[in-house]
Amino acid sequence: NSTGSDYATAMIGYWLRECIHRHPKCRGTIESLPTRVLDVGEEGDSQEPFLFVSEGKTAPYIAMSHCWGKSPMATTTQENLQNRLKVITLSELPKSFRDAIQTCRKLGVRYLWVDSLCIIQNSTKDWQQEASKMGSVYKNAILTIAAVSAKDSTEGCFMSRDAGKMYPCWSLMTGDTSMEDSSKYLWIRPQRDALSIVYLQLRHMGGPLDSRAWVLQEKILARRTIYYHKDMLYFECLTMEASEQVPEGI
């Protein structure tokens with residue numbers, strides 16, 4: 001009942017694998033990491049993340065697209081840079097960042113790029129250098145996580161929702177509660193392909209993230225994007241668009 005459930009994350013993994021292995025248009029070589037990324041470790045890893053200076057290392061990474069909003073933002077500055085290179089305590093990060101880290105770990109992707117943490121926010125020189133590379137950051141990421149429904153980083157990527165509106169379920173047709181005879185049960189699911197669920201719910205209908213000026217660049221340049229809406233996941237790559245209601249894509 002959450003867009004952060006194991007089932008939902010497995011769906012992201014399915015889309016990612018399908019795209020990598022079956023979409024020639026979306027393929028690309030693994031490029032060098034951005035200047036700085038978060039090293040989030042692996043699933044089940046008890047280590048705290050830390051800011052990693054890549055020095056040209058080549059590895060897959062995930063980029064994040066989020067709305068800064070008006071709440072205080074977790075940032076990297078000249079004053080806390082050295083500490084961030086050692087450790088970034090999860091508890092000090094807002095929910096959107098923690099959710100993105102959890103997704104990275106579950107997908108087996110060790111590195112995450114978040115603008116507020118990977119660019120030194122009070123260094124004009126660093127901002128100018130890194131902002132000029134932002135297009136390639138999204139273009140070269142193996143996946144971009146878009147926290148569409150969060151008006152700021154405190155609201156998170158994962159949202160509670162009524163999964164019954166999307167996922168099929170069993171309904172008992174008789175008073176017998178045993179599971180031995182499947183003919184006593186009716187398989188119920190939402191009607192599929194009603195114009196591909198109204199063309200993927202009118203292409204997601206937007207959210208707070210779409211009010212952010214940078215998001216157009218992120219959408220255009222990203223090779224693959226997973227959109228965390230409040231009640232459903234949507235996936236988009238250079239070849240197809242999909243949702244949890246239309247997992248095979250259109």
Side-chain angles (χ1 to χ4, degrees), residues 3-45 49 52 54 56-66 96-97 99-115 118 133-148 157-158 166-167 192-193 196-197 199-200 203-204 209 215-229 232-250:
T3 53
S5 67
D6 288 342
Y7 188 99
T9 306
M11 181 64 71
I12 298 172
Y14 164 75
W15 286 325
L16 187 58
R17 289 190 301 273
E18 285 291 297
C19 182
I20 290 172
H21 296 299
R22 296 179 181 270
H23 296 169
K25 186 178 178 181
C26 302
R27 288 177 189 156
T29 58
I30 301 297
E31 303 289 343
S32 298
L33 292 168
T35 303
R36 303 177 199 89
V37 287
L38 297 184
D39 185 330
V40 305
E42 302 173 353
E43 185 176 9
D45 201 336
F52 174 69
S54 65
K57 178 177 179 177
T58 299
Y61 67 93
I62 289 175
M64 186 171 190
S65 176
H66 65 103
S96 291
F97 297 0
D99 290 350
I101 288 171
Q102 182 176 328
T103 299
C104 287
R105 287 175 170 174
K106 285 186 175 182
L107 293 176
V109 180
R110 182 158 190 160
Y111 300 108
L112 172 67
W113 186 88
V114 183
D115 53 2
C118 297
K133 303 174 185 176
M134 207 169 292
S136 62
V137 167
Y138 286 98
K139 181 181 178 181
N140 295 331
I142 193 172
L143 180 70
T144 294
I145 291 174
V148 178
C157 301
F158 305 158
M166 288 163 291
Y167 296 120
R192 294 290 300 282
D193 201 42
S196 293
I197 313 298
Y199 187 54
L200 299 182
R203 289 180 58 83
H204 326 325
L209 181 63
V215 77
L216 179 61
Q217 174 183 244
E218 296 162 5
K219 280 187 173 182
I220 292 174
L221 294 174
R223 191 181 307 172
R224 308 173 189 91
T225 303
I226 185 72
Y227 296 97
Y228 278 93
H229 281 263
M232 195 183 309
L233 298 179
Y234 293 86
F235 175 81
E236 183 176 358
C237 66
L238 301 177
T239 302
M240 76 169 192
E241 296 178 62
S243 72
E244 290 175 281
Q245 289 181 320
V246 190
E248 68 277 11
I250 58 175

Where do Glu31 and Thr58 land on the side-chain contact (heavy atoms from CB on, under 4.5 Å) test, with the steps shown first?
CA-CA 6 Å; Glu31 303 289 343; Thr58 299; over 6 Å; no

For Tyr234 and Glu236, run side-chain contact (heavy atoms from CB on, under 4.5 Å): C-alpha distance rounded to whole Å, both residues' side-chain angles, the deciding distance at 0.1 Å, then the answer.
CA-CA 7 Å; Tyr234 293 86; Glu236 183 176 358; over 6 Å; no

Step by step, work out the side-chain contact (heavy atoms from CB on, under 4.5 Å) result for Leu143 and Ile226.
CA-CA 7 Å; Leu143 180 70; Ile226 185 72; 4.0 Å; yes

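The two residues Arg27 and His21 make their nearest non-hydrogen contact at NH2-O, 2.7 Å. Here the closest non-hydrogen pair linking Ile62 and Cys104 is CD1-SG, 3.8 Å. Taking both residues in full, the closest heavy atoms of Thr3 and Cys157 are given as OG1-O, 3.5 Å, listed atom of the first, atom of the second, then distance. Counting all heavy atoms, side chain and backbone alike, Pro60 lies closest to Ile30 at N-CG2, 3.7 Å. Between Gly135 and Leu221, the shortest heavy-atom distance links the atoms CA-CD1, 3.3 Å.
A donor atom on one side chain and an acceptor atom on the other are found under 3.5 Å apart for Thr103 and Tyr228.
Of the possible polar contacts, none joining the Trp15 side chain to the Glu241 backbone as a donor-acceptor pair under 3.5 Å is found. Tyr138 places a side-chain N or O within 3.5 Å of a backbone atom of Met64 that can act as its donor or acceptor partner. A donor-acceptor pair under 3.5 Å is formed between the side chain of Arg105 and the backbone N or O of Val40. Checking side-chain atoms of Ser5 against main-chain N and O of Ala8 turns up a donor-acceptor pair under 3.5 Å. Under the 3.5 Å distance criterion, the side-chain polar atoms of Thr239 are left unmatched by any main-chain donor or acceptor of His23. Under the 3.5 Å distance criterion, the side-chain polar atoms of Arg223 are left unmatched by any main-chain donor or acceptor of Leu238.
Applying the 6.0 Å contact sphere to CZ of Arg22 captures no more than 12 heavy atoms from other residues, nucleotides or ligands. Within 6.0 Å of the NZ atom in Lys106, the count of heavy atoms belonging to other residues, nucleotides or ligands exceeds 12.
One finds the CD atom of Glu244 at 8.0 Å from the OH atom of Tyr7 (value rounded to the nearest 0.5 Å). In this structure, CD on Glu18 lies 10.5 Å from SG on Cys237, to the nearest 0.5 angstrom. If you take CZ on Phe158 and OG on Ser96, they are separated by 9.5 Å, rounding to the nearest 0.5 Å. Once rounded to the nearest 0.5 Å, the distance linking CG of Leu112 with SG of Cys118 reads 7.0 Å. One distance of note links SG of Cys19 with CD1 of Ile142; it measures 9.0 Å at 0.5 Å rounding.
Proximity of Trp113 to Arg36: side-chain heavy atoms (C-beta onward) are nowhere separated by under 4.5 Å. Within the 4.5 Å cutoff, no side-chain heavy atoms of Ile20 are placed close to those of Cys26.
Scanning for salt bridge (Lys or Arg N to Asp or Glu O under 4.0 Å) contacts around Lys133 gives Glu130, with sequence neighbours left out. For Tyr61, there are no ring pair (Phe, Tyr, Trp, His ring centres under 6.0 Å) partners, not counting sequence neighbours.
Centroid-to-centroid, the aromatic rings of Phe52 and Tyr111 come within less than 6.0 Å.
In summary, of the residues considered (Val148, Val114, Ile145), a side chain to side chain contact (heavy atoms under 4.5 Å, CB included) with His66 occurs for Val114 alone.
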